Amino acid sequence: PVELKIAPSWLQLDFGIMLFSCCSGTASIAGDEECIVEPSPRKASLDFAIVSKEGVKPCDAEQLCTSSAETMPPPSEWLHSDTLSPESAGKQCSEKDLPGMEKASSCHTGVDPEIGEVIKSAEDLLPGRRMSDWQRSWCTPQTVLIYVRGRPGDKLAAAKILAEALQWRESCREILSRSRIPTWQSDFRVLTRTESGHPILYTCFRHIMRANLQHVPEHYAAVFEAAVRSLRGDADQFHIVLDCHGFAHRHLDPRPLIPFMSAVKQPYRDRLRSAVVVGAPYTFNILFKMASKIASEKTFGKIMFKSVQETVAHFLEVGGTEASSALAREFATSRGGTDCQPGAVHGRRLPSELEDDCAAPPTLLAGGRLGSPCGRQTSTASEPDIIAAAAAAAKA
C-alpha cells in the first residue's frame with residue numbers, strides 16, 4: 001500500500017515529496033501516482049484520496065498533524081509520526097506527538113489569528129501558492145492591517161489586495177531591495193521629513209523627462225520604498241509635493257499616471273497623507289481629469305492646490321521649520337539653472353536626501369546613479385526668513 005508519513009508542515013509519500021503545506025487545499029506530486037487533497041469540513045483535518053494504478057484509496061484520517069513552519073526542513077530533521085496507510089487510516093495523531101513542535105493557533109506563530117488568516121489566504125492567491133521569505137518579511141502585522149482596514153469585514157477581499165501588492169513587490173524586487181538602481185527619470189525623491197516623522201516627496205515638472213514606461217515605474221518604486229523606510233515615530237504616511245513649474249505639453253502624456261496610481265492604490269495603500277500641487281497652470285487640468293478616472297475618491301480627497309508661498313506656509317505649520325526650509329530652497333533651485341536635469345545631478349541625491357536612508361547596499365547592478373555621499377541639511381532659519389525665501393522663489 002501507498003504509505004503517508006506526517007512531517008512538520010509537510011507531507012511525504014514513499015514515492016516522492018508532495019510540494020504542499022498542510023495548510024493548503026490542493027497538491028500534486030511527481031511520479032505515476034497523483035494525490036488529490038481536499039479540505040474537510042471538520043476543523044484541523046484533511047480528507048485524502050490517493051489515486052494510484054489500482055484505483056482510488058480513501059483515507060479518512062482526522063486531525064492530521066500540522067505545523068506553523070514556513071519552510072520545508074531537511075529530511076534529517078523531519079519528525080515522523082506513525083505511518084498511515086489505508087488499513088490504519090483511522091489512527092489519529094496530534095501536535096503533542098511530535099517533539100519540539102510548538103502549539104500554534106494559526107499558520108503564523110505569534111500573529112493575530114485574523115492577520116495570519118489574511119496572510120495565508122494571500123499566499124494561496126500567489127503564483128504556485130507560495131510566498132517567498134522576502135515577501136513574508138514584508139507582511140508585518142502593521143502592514144497587513146492596512147489591507148484588513150481597506151476591506152473591513154471581508155478577509156478574502158483583504159487577502160486579494162494584499163496578494164496584488166505582494167506580486168507587484170516581487171516584480172520590482174531588485175529595485176525595492178536596492179540590489180539595482182533604476183535609471184532616474186526626473187528629480188522625484190524624498191526631500192525632507194516633518195517634525196512628526198512624515199517624509200515629504202518632491203518633484204518638479206521642469207526635470208521630468210519624456211515618458212519611458214520601462215524606467216518610470218522603477219523610479220516610482222525606489223522613491224516610494226525609500227519614503228516608507230524614512231517614516232519615523234508614529235508616522236505611517238508621506239506627503240507628496242508636485243511642483244508644476246516647467247509644465248509643458250509633453251507632460252500631458254497620461255501613461256506615467258498608470259504605474260503611479262497603481263503603486264499608490266495597492267503596494268503603498270493608505271501611505272499617502274497629502275498631495276500638494278504647486279502653481280498648477282490651466283492645462284494641468286487636462287492631466288488632473290485623466291488621473292481622476294483611475295484614482296479613488298479617497299485619494300483625490302487628499303489633493304490640494306497651492307501657490308509656492310502657500311505651500312511653504314502650510315508645511316511650516318504642519319511640518320516645522322526644517323521641512324519648510326528644505327521646500328523653500330528646493331523651489332528656488334528648481335527655478336534656476338538648466339531645464340530637464342533628471343537624476344542625481346548638482347548635489348541632488350536619489351531616491352532620498354535623508355542621511356539615514358541614502359546608504360548604498362554592498363552590491364549594485366548596472367542602472368542609474370546613486371549620487372554623492374549624503375550630508376543631512378539642517379535649518380536654523382527663522383519663520384520670516386523661510387517665508388521670504390518662498391516669496392523670492394515664487395517671484396523667480
Side-chain angles (χ1 to χ4, degrees), residues 21 23-24 70 106-108 111-180 182 188 190 198-199 201 213-231 235-240 256-273 275 291 294-302 351-352 357:
S21 168
C23 295
S24 301
E70 296 172 355
S106 70
C107 293
H108 301 265
V111 176
D112 179 86
E114 182 180 18
I115 298 296
E117 186 176 343
V118 171
I119 295 174
K120 185 64 191 69
S121 297
E123 181 175 17
D124 289 341
L125 296 172
L126 295 175
R129 305 183 70 177
R130 294 290 296 163
M131 186 183 297
S132 68
D133 291 340
W134 184 77
Q135 289 174 314
R136 195 178 300 277
S137 68
W138 181 74
C139 292
T140 64
Q142 295 83 356
T143 298
V144 177
L145 189 59
I146 293 174
Y147 295 87
V148 173
R149 291 197 304 259
R151 295 293 185 271
D154 192 338
K155 287 180 282 190
L156 288 179
K160 182 176 182 296
I161 59 177
L162 176 61
E164 291 175 6
L166 287 168
Q167 290 188 67
W168 180 91
R169 291 184 64 81
E170 189 64 30
S171 69
C172 299
R173 181 170 180 172
E174 284 187 347
I175 299 298
L176 301 181
S177 63
R178 293 186 285 184
S179 61
R180 180 168 64 84
F188 185 45
V190 179
H198 298 90
L201 285 56
L213 296 186
Q214 176 184 352
H215 300 313
V216 165
E218 294 185 343
H219 188 143
Y220 293 157
V223 176
F224 284 141
E225 192 73 358
V228 173
R229 288 195 299 267
S230 300
L231 295 167
D236 59 2
Q237 295 177 311
F238 49 74
H239 302 275
I240 295 179
L257 287 173
I258 298 175
F260 185 91
M261 292 300 180
S262 296
V264 172
K265 182 179 179 180
Q266 297 305 357
Y268 298 95
R269 186 179 188 84
D270 286 345
R271 293 296 190 182
L272 179 63
R273 188 172 182 84
I294 56 177
S296 68
E297 183 177 347
K298 180 180 179 181
T299 297
F300 262 69
K302 299 178 180 181
S352 176
D357 188 55

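Predicted, not measured: the structure shown is a model, and the values here were computed from it. These numbers come from the heavy atoms of this one structure, side chains and all, not from hydrogens, waters or symmetry mates.
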Query raised in the report: Val190 and Arg229: side-chain contact (heavy atoms from CB on, under 4.5 Å), yes or no, with the steps?
Result: CA-CA 10 Å; Val190 179; Arg229 288 195 299 267; over 6 Å; no
Query raised in the report: Going through the checks in order, is the side-chain contact (heavy atoms from CB on, under 4.5 Å) test met by Cys139 and Val118?
Result: CA-CA 10 Å; Cys139 292; Val118 171; over 6 Å; no
Query raised in the report: Could you walk me through whether Arg173 and Ser132 pass the side-chain contact (heavy atoms from CB on, under 4.5 Å) check?
Result: CA-CA 11 Å; Arg173 181 170 180 172; Ser132 68; 4.2 Å; yes
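To the nearest 0.5 Å, atom CD1 of residue Ile161 and atom CZ of residue Arg151 are 4.5 Å apart. Note that OG1 of Thr143 is 10.5 Å distant from OH of Tyr268, once rounded to the nearest 0.5 Å.
Contact annotation: the side chain of Gln167 approaches that of Leu126 to within less than 4.5 Å [non-hydrogen atoms, C-beta and beyond]. Counting heavy atoms from C-beta on, the side chains of Lys302 and His239 never come closer than 4.5 Å. Residues Leu176 and Trp168 have side chains in contact (heavy-atom distance under 4.5 Å, counting atoms from C-beta outward). By the 4.5 Å heavy-atom criterion applied to side chains, Ile119 and Met131 are counted as neighbours. Counting only heavy atoms from C-beta outward, the side chains of Leu156 and Asp154 approach each other to under 4.5 Å. In this structure, the side chains of Arg269 and Val264 stay at 4.5 Å or more apart for every pair of heavy atoms. Lys155 places none of its side-chain heavy atoms less than 4.5 Å from the side chain of Val148. Counting heavy atoms from C-beta outward, Ser262 and Ile294 have side chains that stay 4.5 Å or more apart.
Residues Ala222 and Pro351 come closest through the heavy atom pair O-CB, 3.8 Å. Between Trp134 and Ser177, the closest heavy-atom pair is NE1-CB, 4.3 Å. Nearest heavy-atom pair across Leu162 and Ala122 is CD2-CB, 3.8 Å. When every heavy atom of Ala163 is checked against every heavy atom of Leu125, the shortest pair comes out as CB-CB, 3.9 Å. Heavy-atom minimum distance, Leu201 versus Ala227: CD1-CB, 3.6 Å.
Shown here is Lys160, whose NZ atom has no more than 12 heavy atoms of other residues, nucleotides or ligands within 6.0 Å.
Checked against Glu123 for a side chain to side chain donor-acceptor pair (under 3.5 Å), the options Gln135, Arg129, Arg136 give a single hit: Arg136.
In this structure a side-chain-to-backbone donor-acceptor pair under 3.5 Å is missing from Ser230 to Pro199. Counting only distance, with no hydrogens or angles, the side chain of Glu218 and the backbone of His215 share no donor-acceptor pair below 3.5 Å. Gln237 places no side-chain N or O within 3.5 Å of a backbone atom of His198 that could act as its donor or acceptor partner.
In summary, Lys120 and Glu117 do not engage in a salt bridge, as defined by a charged side-chain N under 4.0 Å from a carboxylate O. Taking 4.0 Å as the cut-off between side-chain N and carboxylate O, Lys265 and Glu164 do not count as a salt-bridged pair. A salt bridge between Arg178 and Glu225 is absent, with no side-chain N of the basic residue lying under 4.0 Å from a carboxylate O of the acidic one. A salt bridge does not link Asp236 to Arg273: none of the charged nitrogens lies less than 4.0 Å from a carboxylate oxygen.
The aromatic rings of Phe188 and Phe260 lie tilted to each other, with the angle between the two planes from 30° to 60°.
No side-chain donor-acceptor contact under 3.5 Å links Tyr147 and Gln266.
Residues satisfying the side-chain hydrogen bond (donor to acceptor under 3.5 Å, both in side chains) test with Ser296, not counting sequence neighbours, are Thr299.
Taking the six-membered ring for Trp, Phe224 and Phe238 have ring centres closer than 6.0 Å.
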